[in-house]
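The structure under discussion appears below in the form of C-alpha cells.
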Amino acid sequence: MENLKVTLKDGTVREVAAGSTLADLAASISRSLAKSTLAAKLDGKVVDLTRPLTADATVEFLGSDTQEGLDALRHSASHIMAQAVQHLYGESVQFGIGPWIANGFYYDIDTEHTFVPEDLAKIEAEMEKIVKQDLPIVRQEMSREAAIKFFADKGQNYKVELIRDLPEDAVISLYTQGDFTDLCAGPHLPSTGRIKALKLQSLAGAYWRGSEKNKMLQRIYGTAFEKKADLDAYLTMLEEAARRDHRKLGKELDLFSIQEEGPGFPFFHAKGMVIRNELENFWRKLHRKFGYEEIKTPIILNEELWHKSGHWDHYKENMYFTQIDGANYAVKPMNCPGGMLVYKTRHHSYRELPMRVAELGLVHRHELSGALHGLMRVRSFTQDDAHIFMLPSQIKDEIMGVMDLFNVVYSTFGLSYHAELSTKPEKAMGSDEVWEVATSALKQALDERGMPYKINEGDGAFYGPKIDFHLKDSIGRTWQCGTIQLDMLMPERFDLTYIGEDGQRHRPVMIHRVAFGSMERFIGILIEHFAGAFPAWIAPLQVKILPITDRNMEYAQILANKLREADIRVEVDERSEKIGYKIREAQMEKVPYMLVLGDKEAEAGMVAVRVRGQGDVGTMTFEAFEKMVNKAIANKA
RNA sequence: GCCGCUGUAGCUCAGUGGUAGAGCAGCGCAUUCGUAAUGCGCGGGUCGUAAGUUCAAAUCUUAUCAGCGGCUCCA
C-alpha cells in the first residue's frame with residue numbers, strides 16, 4: 001500500500017499507510033498521545049480522529065489543553081445529553097440545536113414534558129450510562145433528500161428545517177452513537193467514553209432560531225471536561241466568581257440598592273456615591289485634556305423633538321412619556337437630540353470644528369422586565385456621553401482620538417476589552433451609500449490603530465454604524481460599555497450646518513460616543529473587577545483608624561483630622577471593642593489602609609499601619625504614612 | 001415580554017396544614033483589651049401582596065409584584 005507523508009506540528013514528518021486514520025497515526029506516535037487527543041487539525045481544519053488520511057498533509061493533535069479539543073468534547077457531550085433525553089422522555093422529543101459554547105454546551109429541546117431542576121440529575125445519570133458504554137461515534141454523509149427523509153421519518157421537524165436552509169454546496173453529515181443519530185457538522189470524539197466529567201447546570205427558555213416570533217424551546221445548559229479535576233476546578237472558579245457578584249457586594253459594602261418600588265431604578269448610597277463622584281472627577285479631567293467641553297441638557301423634552309430625531313419611529317417602545325399643561329412630552333432615552341438643539345443655538349464656523357461636546361446625561365429606557373440585572377442592566381442610567389461635530393475629513397482622526405481616550409479609561413482600571421463593529425440594521429434611517437461611507441470610516445480607524453474586532457452584521461443603531469467596546473464581568477459575561485457611533489443622519493434631520501471657507505453652509509458629520517458606557521454599568525463592572533477591594537483613589541473609605549483603648553481616642557481624632565485636612569477619606573472606630581474585632585470589620589469592609597493606635601504609638605507619635613492585602617507592615621511616622629497614601633491615590637494604584 | 005425557579009427578622013437561612021426559629025447584625029450593660037469575632041441580656045417578622053380551599057394556611061390553589069438563570073433586547 002502507498003505511504004503518505006504527514007507533517008506534524010513540531011515539524012517532524014512521518015510516513016503512514018494511506019487510509020489509516022488520524023487516531024491510528026496518534027497511536028503510532030505514542031500511547032499517551034492517543035489517550036490525550038480529542039480531535040485533530042488536518043491541514044488547518046478541525047476534524048474527527050476517525051477521519052482517514054488520503055493525501056500528504058499537516059496534522060496537529062488537539063487535546064483538552066486546546067480550545068478546539070474541548071469544544072469537540074463538549075459538542076459530543078451535548079449529543080450524549082440529547083441521547084439521554086431521548087431515552088428518558090421518549091421518541092416524541094424534538095431537538096433544535098445543540099452546540100458547544102464558551103464554557104460548555106447546551107441543547108434546545110421541544111417536548112410536552114416540562115423539565116424541572118430534579119430532571120437534570122436523572123439526565124446526568126443516563127448520560128453517565130452512555131459514557132460507560134463507550135459507544136463509538138460514527139460519521140456518515142448523506143444527500144440532502146436522504147437526510148430530509150431520515151429526519152422527517154423520525155418526526156425531527158427542526159432538523160428538517162435546518163437541512164432545508166443549508167447552502168446548496170454544504171456537505172450534510174450525520175453522527176451516530178448507539179441508538180442516537182444527529183445532524184451535525186462535527187467534529188466529535190471517537191467514542192462516548194472519553195468524557196470523564198460532565199455536569200448539567202441550568203434550564204432556560206430559548207426561542208427557536210433566536211426569534212421571539214418562534215416557539216420557545218427548553219434549553220438545558222451543561223459543561224464537560226476530560227478530567228474530573230478540571231470540572232471541579234471550573235466549578236470552584238464559578239463559586240469564587242459568584243462571591244464577586246456586584247449585586248451581592250453592592251449590598252454588603254452598602255454601595256447601592258434596588259428596591260421593589262423602583263425595579264431597574266438603582267439607589268446610590270453614600271459609599272457608592274463616593275465611587276461615582278471620583279469617577280466623574282477623573283472623567284472631567286480627562287475630557288478637558290482631550291479637548292472636550294461639557295454641557296447638560298434636560299431630562300424631559302417635548303414629544304415633537306422625538307418625532308424629528310426619528311426616535312418616535314424607531315425607539316418609541318423603549319421610551320417613557322408624560323404630559324405637561326396638556327402637551328405631550330417624553331423622558332429622554334438618549335442625549336443626542338438635546339445636544340443637537342444646543343449646537344443649533346448659534347452659527348458655527350469650520351474653524352471651530354471638531355467640536356467635542358460632552359454630557360453626563362441621565363436617560364431612561366423601558367427595558368424588558370426579564371432583562372434587568374443589578375447595575376448592569378437598568379431602566380435609568382447616566383451615560384458619559386459626548387457628541388463630536390466635525391468636517392467629513394476629520395472623521396478618522398476623531399475616531400482614533402476617541403479610541404485613545406477609551407484606552408486611557410480602561411487601562412487606568414486594568415480592564416481588558418474587545419471591540420465589535422456593528423453594521424446597518426433592518427430598521428434603519430438613511431441610504432445604503434451613506435451607511436457604506438460611515439461603516440468604512442470606522443473600519444479604517446480600527447485598522448489604523450491595529451485593534452482587532454468582530455463584525456456584527458445588522459446590529460448598528462438606527463442612525464448609524466458603531467464600534468462597541470465590551471468588558472467582562474466576574475463570571476465572564478461581557479457587557480457593552482464604550483461605544484462609538486457614527487451618525488450622518490441626525491445632522492440632516494436637525495439641519496445642522498457650519499459655515500465653510502467658501503462662506504457657504506455645509507453639513508457637519510457627528511459621532512456619539514460613551515467611554516464608561518453608563519456610570520451604573522461601569523461601577524458594576526468595577527465592583528466585580530476589584531471584588532469590592534477598590535484602589536485607594538476610588539475607595540469609599542481610604543483609611544480606618546482603630547484605637548486600641550479609649551485612652552488612645554484623642555490621638556486617633558487628631559490624626560483623623562489631619563487626614564481629613566489632606567482630603568483623605570477617614571473614619572475612627574470609636575467602639576469599645578477589642579482590636580482584633582475592629583481589624584476584622586475593617587478588613588471585611590475592604591478598607592485599603594488601617595492605622596492601629598495604642599499607647600506605644602501615641603507616646604512615640606508614630607502610627608502602626610496595616611495595608612489591605614499585606615496585613616501588618618509595621619510602624620512609621622504619620623508623615624510617611626500620609627505620603628504613602630497620597631502617592632497611591634495620585635497613581636490610581 | 002417569553003420559559004424555568006425563588007420570595008420567612010437588616011443579612012444568611014431552618015421551618016410542608018395546628019396561630020414562627022437560629023446565627024450574624026442592632027440596642028443595653030459589663031469589659032479598656034496590641035493586629036481577622038469579649039461576655040451577659042434585650043428588642044425585632046400581619047412569612048412579597050391579594051383572593052380562595054380548610055375548623056385551622058408560612059405550608060395547599062389561583063392571581064399579582066419582585067428577584068434569580070436564560071431567550072430577546074441593549075449603555
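Just so it is clear, the values below take in all heavy atoms, side chains as well, and ignore hydrogens, waters and symmetry mates. Residue numbers begin at 1 in each chain, while the letters A, B, ... track the order of the sequences.
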| query | For A75(B), does OP1 or OP2 lie under 4.0 Å from any side-chain N or O of Gln480(A)? | reply | yes

Of His373(A) and Val609(A), the one whose closest nucleotide on RNA chain B sits nearer the 5' end is Val609(A)

- Does Arg247(A) have a side-chain nitrogen or oxygen under 4.0 Å from the phosphate oxygens OP1 or OP2 of G69(B)? yes

Does any N or O donor sit under 3.5 Å from an N or O acceptor when you compare the side chain of Arg551(A) with the base of C33(B)?
no

request  = For Asp599(A), answer base if it contacts any base atom (sugar-phosphate contacts may also be present), sugar-phosphate if it contacts only those atoms, and nothing otherwise; contact means non-hydrogen atoms under 4.0 Å.
outcome  = base

Q.
Can you confirm whether the side chains of Asp119(A) and His113(A) place a donor and an acceptor under 3.5 Å from each other?
A. yes

Sorted by number, residues from residues 591-598 of chain A placing a heavy atom under 4.0 Å from RNA chain B are Val596(A), Gly598(A)

If you measure from the P atom in G18(B) to the same atom in G26(B), how many Å do you get, rounded?
35 Å

| request: Respond yes when some side-chain nitrogen or oxygen of Lys466(A) is under 4.0 Å from OP1 or OP2 of C74(B), and no when none is. | output: no

- Any side-chain N or O of Arg379(A) less than 4.0 Å from the OP1 or OP2 oxygen of C74(B)? no

**Asked** Taking N and O atoms by type only, does the side chain of Glu601(A) place a donor or acceptor under 3.5 Å from a partner on the base of G34(B)?
**Response** yes

Of Gly374(A) and Asn318(A), the one whose closest nucleotide on RNA chain B sits nearer the 5' end is Gly374(A)

- Query: On a whole-Å scale, what distance lies between the P atoms belonging to C40(B) and A20(B)?
  - Reply: 27 Å

*asked:* Please confirm whether the shortest side-chain N or O distance from Arg477(A) to OP1 or OP2 of G70(B) is below 4.0 Å.
replied: yes

The contact string for nucleotides 2-14 of chain B, one letter per nucleotide 5' to 3', using protein heavy atoms under 4.0 Å with B, S and - for base, sugar-phosphate only and none, comes out as BBS-------S--

What do you reckon, are the aromatic ring centroids of Tyr417(A) and Phe406(A) less than 6.0 Å apart? no

Each nucleotide of nucleotides 25-31 of chain B classed B (base within 4.0 Å of a protein heavy atom), S (only sugar-phosphate) or -, in 5' to 3' order, makes SS----B

Indicate whether the side chain of Glu420(A) and that of Gln480(A) have a donor and an acceptor atom separated by less than 3.5 Å.
no

Given salt bridge (charged side-chain N to carboxylate O under 4.0 Å, His left out), test Lys122(A) with Glu118(A) step by step and report yes or no.
CA-CA 7 Å; Lys122(A) 283 186 222 160; Glu118(A) 293 76 64; over 6 Å; no

